[in-house]
Number of protein chains: 2
Amino acid sequence: MTVTIYDVAREANVSMATVSRVVNGNPNVKPTTRKKVLATIEQLGYRPNAVARGLASKKTTTIGAIIPDISNIFFSELARGIEDIATMYKYNIILSSSDQNKDKEIELINTMLEKQVDGILFMGGNITEEHIHQFQTSSVPVVLASTYDPTDTIPSVNIDYELAAYEATKTLIEKTNQLPALVGSQADTSVNTLKTNGYLRALKESGMEPNEDYIYKGSYAYSTGIEAMEHFLKLENRPASVFVMYDEIALGVIHGAQDNGLNVPEDIEVFGFDNIRLASMVRPKLTTVVQPTYDIGAVGMRLLTKYMNDEDVEEKNVVLPHRMEFRDSTK
Amino acid sequence: MTVTIYDVAREANVSMATVSRVVNGNPNVKPTTRKKVLATIEQLGYRPNAVARGLASKKTTTIGAIIPDISNIFFSELARGIEDIATMYKYNIILSSSDQNKDKEIELINTMLEKQVDGILFMGGNITEEHIHQFQTSSVPVVLASTYDPTDTIPSVNIDYELAAYEATKTLIEKTNQLPALVGSQADTSVNTLKTNGYLRALKESGMEPNEDYIYKGSYAYSTGIEAMEHFLKLENRPASVFVMYDEIALGVIHGAQDNGLNVPEDIEVFGFDNIRLASMVRPKLTTVVQPTYDIGAVGMRLLTKYMNDEDVEEKNVVLPHRMEFRDSTK
DNA sequence: GTGAAAGCGCTAACAC
DNA sequence: GTGTTAGCGCTTTCAC
């Protein structure tokens, strides 16, 4: 039925070992035999069985990527960064969405380990002790991307979320001289915590007290922005500016304002976070914290290849630079 | 080092076969032995090796998905549909982007076949004879999603792109009584051809002649919309409406118009295609052809499971319904 | 430069 | 119910 390395060996009058050498580009083969083997491979339509190879060699050239949600524009961009570098190094990717559900995350890690992936790239919400235990007892390297491990145990690629949020909030305070609102996700993830902390630090440094009414948290969705704006408009004094933890929600804030007759940035300034492609596809274009999304994936994957190949790693926890991009949603 | 089924068997004083039965939920095991085996599995931290299992059973419970670009919002949504159903049926996914490059597509198909995937879900640009040849000589089932095979040889899940484009164009003609413009991608894909054909058919039926100046094609990107609008504005008579083959480009058209002082829909009406999430995240909200993106992926994956399990398939080429959603970018 | 042979860790008859 | 055994298709020493 299916043609195996044995069939090729027989037809070409060589041993399996020689065919294996040819297939794997081993130089210790006489050019003439190589040619002969290649010819019968072609003729028989032989296709190496990567599963058998994986069993024998204990390498699958496949890595596992666990991602919160592939349909999320931020993560799909990050995934593309992973993929491009993986392709460059000849790895395939088993990709799975976890919805940041801890049990699902743990289950996925185990499934991927069973499938004998050569490494795991993990993007998630919160890194718990159980995660760390899983990772440490894993036989293959693990790298975190856009995911913060408070213990700094696991290699990772991130930006400084706390600092970025601090800077954005600080900017808003300096511009308006008033207390900025905060809109974001209520999910209990370390990135959310870091962003919130940055916001609070900026307030504190300016001698401002946080105001419950000025903090609105919901889902990661656009609709959270709409809802937040409706909430703020019911207040006696609405905020003069708002720092939003995710661009998609920020778009909701802008439209929520516009739909209620406010002008952005004249009546209310909006500062986003991530710089997803949509940020330049709104009017007014969104001022936001630029995070090198694609690069986080790419650098994470590159880091993982280093661990898989036992190369030296200078920096276990990579912090990529971020910056603020001022567009038209702030004055 | 790693604990194998043999270690478990030895520790539990049973044979490998029994351990295998327990692991695979085979009912022919006495409850007491099952309990014993389960206990030593737990104790030893045994994790079944899926690669070995795949070699022995010739099933990997992994499918391959070839997609034009995972960072594209349309395809990432489709991918989520695939994934959810795959998870439901206990399959993992090897996901790769092809950029609709034919050579890369063929190469990916081969890589996935080498990895012994149990089936392939293919999303691409053009289905050529070479593709069909590859698919037919493949040992595993293949399903196309959002990808048109003119010969109807390969099972597929689509909507009727030609009809949908026809309807949208027709609507624009009836509203404005003028020749609508066409903006889209110049990529030579069958979906693009179908959409263009639908546009042309609507013109013909209304006794209108296509006008070169009213057809602008570029990349799939937002910027194509901006460029198209700039092109139209240079014309002596600019179009009263435009049918855009992709929502993301349509957003560009809207903003290209607005950035040049035109109002949508008053000065120019815009009709999109796909109903990506962004369509409701612009102002004015985009009127568009609603395509059940997530469902195309989900139904495609479900269809693939049927082929993989040798179930009966009533409909080899599934055509899902579409509809027009009228929002604020048309009058 | 090439071949022989022993696994890799598991499943799947088949026997008992 | 449970054990024995022969592969699955390949890589990898180790000889020669």
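Being a predicted model, the structure only gives us computed values, none of them experimental. Per chain, numbering begins at 1; letters A, B, ... match sequence-line order.
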Next item on the list: Would you mind building the protein contact string for nucleotides 2-7 of chain C? One character per nucleotide, 5' to 3', B for base within reach (heavy atoms under 4.0 Å), S for sugar-phosphate only, - for untouched.
Entry: BBB--B
Next item on the list: Can you tell me the distance, in whole Å, between the CD1 atom of I5(B) and the P atom of dG3(D)?
Entry: 12 Å
Next item on the list: Sequence neighbours left out, what passes side chain to side chain contact (heavy atoms under 4.5 Å, CB included) with V319(B)? Give chain and number order.
Entry: D160(B)
Note to self: Can you give me the bend angle of the helix from dG1(C)-dC16(D) to dC16(C)-dG1(D)? Use the axis through the first five pairs and the one through the last five, nearest 10 degrees.
What the structure shows: 30°
Notebook entry, point to check: Which part of the nucleic acid, if any, lies within reach of S20(A) when heavy atoms closer than 4.0 Å are counted: base, sugar-phosphate only, or nothing?
Noted result: base
Item checked: Worked verdict on K306(A) versus E314(A) for salt bridge (charged side-chain N to carboxylate O under 4.0 Å, His left out) -> CA-CA 10 Å; K306(A) 286 187 184 169; E314(A) 330 74 63; 3.6 Å; yes
Next item on the list: With sequence neighbours excluded, tell me which residues meet ring pair (Phe, Tyr, Trp, His ring centres under 6.0 Å) with F122(A).
Entry: H131(A), F135(A)
Next item on the list: Using whole Å, report how far CD of E114(A) lies from P of dG9(C).
Entry: 15 Å
Next item on the list: Please name all residues satisfying side chain to side chain contact (heavy atoms under 4.5 Å, CB included) with K59(A), sequence neighbours left out, ordered by chain then number.
Entry: S57(A), D118(A)
Next item on the list: Rounded off to whole Å, could you give me the CG-to-C1' distance for the L55(B) and dT11(C) pair?
Entry: 10 Å
Which pairs of donor and acceptor atoms, one on a side chain in residues 86-93 of chain A, lie under 3.5 Å apart (sequence neighbours left out)?
| residue | atom | partner | partner atom | Å |
| --- | --- | --- | --- | --- |
| T87(A) | OG1 | E83(A) | O | 2.9 |
| Y89(A) | OH | R302(A) | NE | 2.9 |
| N92(A) | OD1 | K115(B) | NZ | 3.1 |

Item checked: Results of side chain to side chain donor-acceptor pair (under 3.5 Å) for R80(B) - residues two or more places apart only -> D69(A), D99(A), D84(B)
Note to self: When you measure from the side-chain N and O atoms of S57(A) to the phosphate of dC8(C), is any distance below 4.0 Å, counting only OP1 and OP2?
What the structure shows: no
Considering only distance and modelled atom types, tabulate donor-acceptor pairs under 3.5 Å from the side chains of residues 139-148 of chain A, sequence neighbours left out.
| residue | atom | partner | partner atom | Å |
| --- | --- | --- | --- | --- |
| S146(A) | OG | Y161(A) | OH | 2.9 |
| T147(A) | OG1 | G124(A) | N | 2.9 |
| T147(A) | OG1 | A145(A) | O | 2.8 |

Checklist line | Residue pairs passing the salt bridge (charged side-chain N to carboxylate O under 4.0 Å, His left out) test where at least one lies in residues 141-152 of chain B, sequence neighbours excluded | finding: none
Next item on the list: Please report, rounded to the nearest Å, how far the P atom of dC8(C) is from the CG atom of D7(B).
Entry: 11 Å
Notebook entry, point to check: Within the side chain of T293(B), is there an N or O that forms a donor-acceptor pair under 3.5 Å with the backbone of F74(B)?
Noted result: no
Notebook entry, point to check: CG of L44(A) versus C1' of dG9(D): gap in Å, rounded?
Noted result: 15 Å
Next item on the list: Mind running a 4.0 Å heavy-atom check of residues 45-54 of chain B against DNA chain C and sending the residues that fall below it, in number order?
Entry: Y46(B), P48(B), N49(B), A52(B), R53(B)
Next item on the list: Calculate the interatomic distance between K115(B) atom NZ and dG9(D) atom C1'; express it in whole Å.
Entry: 16 Å
Note to self: Other residues, nucleotides and ligands only: do more than 12 of their heavy atoms fall within 6.0 Å of CD on E311(B)?
What the structure shows: yes
Next item on the list: Please state whether the phosphate of dG9(C), meaning OP1 or OP2, lies under 4.0 angstrom from any side-chain nitrogen or oxygen of K58(A).
Entry: yes
Check: CG of N24(B) versus C1' of dG9(C): gap in Å, rounded?
Finding: 13 Å
Checklist line | Between C1' of dC10(C) and CD of Q116(A), the distance in whole Å | finding: 11 Å
Next item on the list: Only counting residues at least two apart or in another chain, list the ones meeting ring pair (Phe, Tyr, Trp, His ring centres under 6.0 Å) with Y46(A).
Entry: none
Distance-only donor-acceptor pairs under 3.5 Å for side chains of residues 23-31 of chain A, two or more places apart:
| residue | atom | partner | partner atom | Å |
| --- | --- | --- | --- | --- |
| N24(A) | ND2 | S20(A) | O | 2.8 |
| N24(A) | ND2 | S20(A) | OG | 3.3 |
| N26(A) | OD1 | N28(A) | N | 2.8 |

Check: Would you say dG9(C) has OP1 or OP2 under 4.0 Å from some side-chain N or O of T2(B)?
Finding: yes
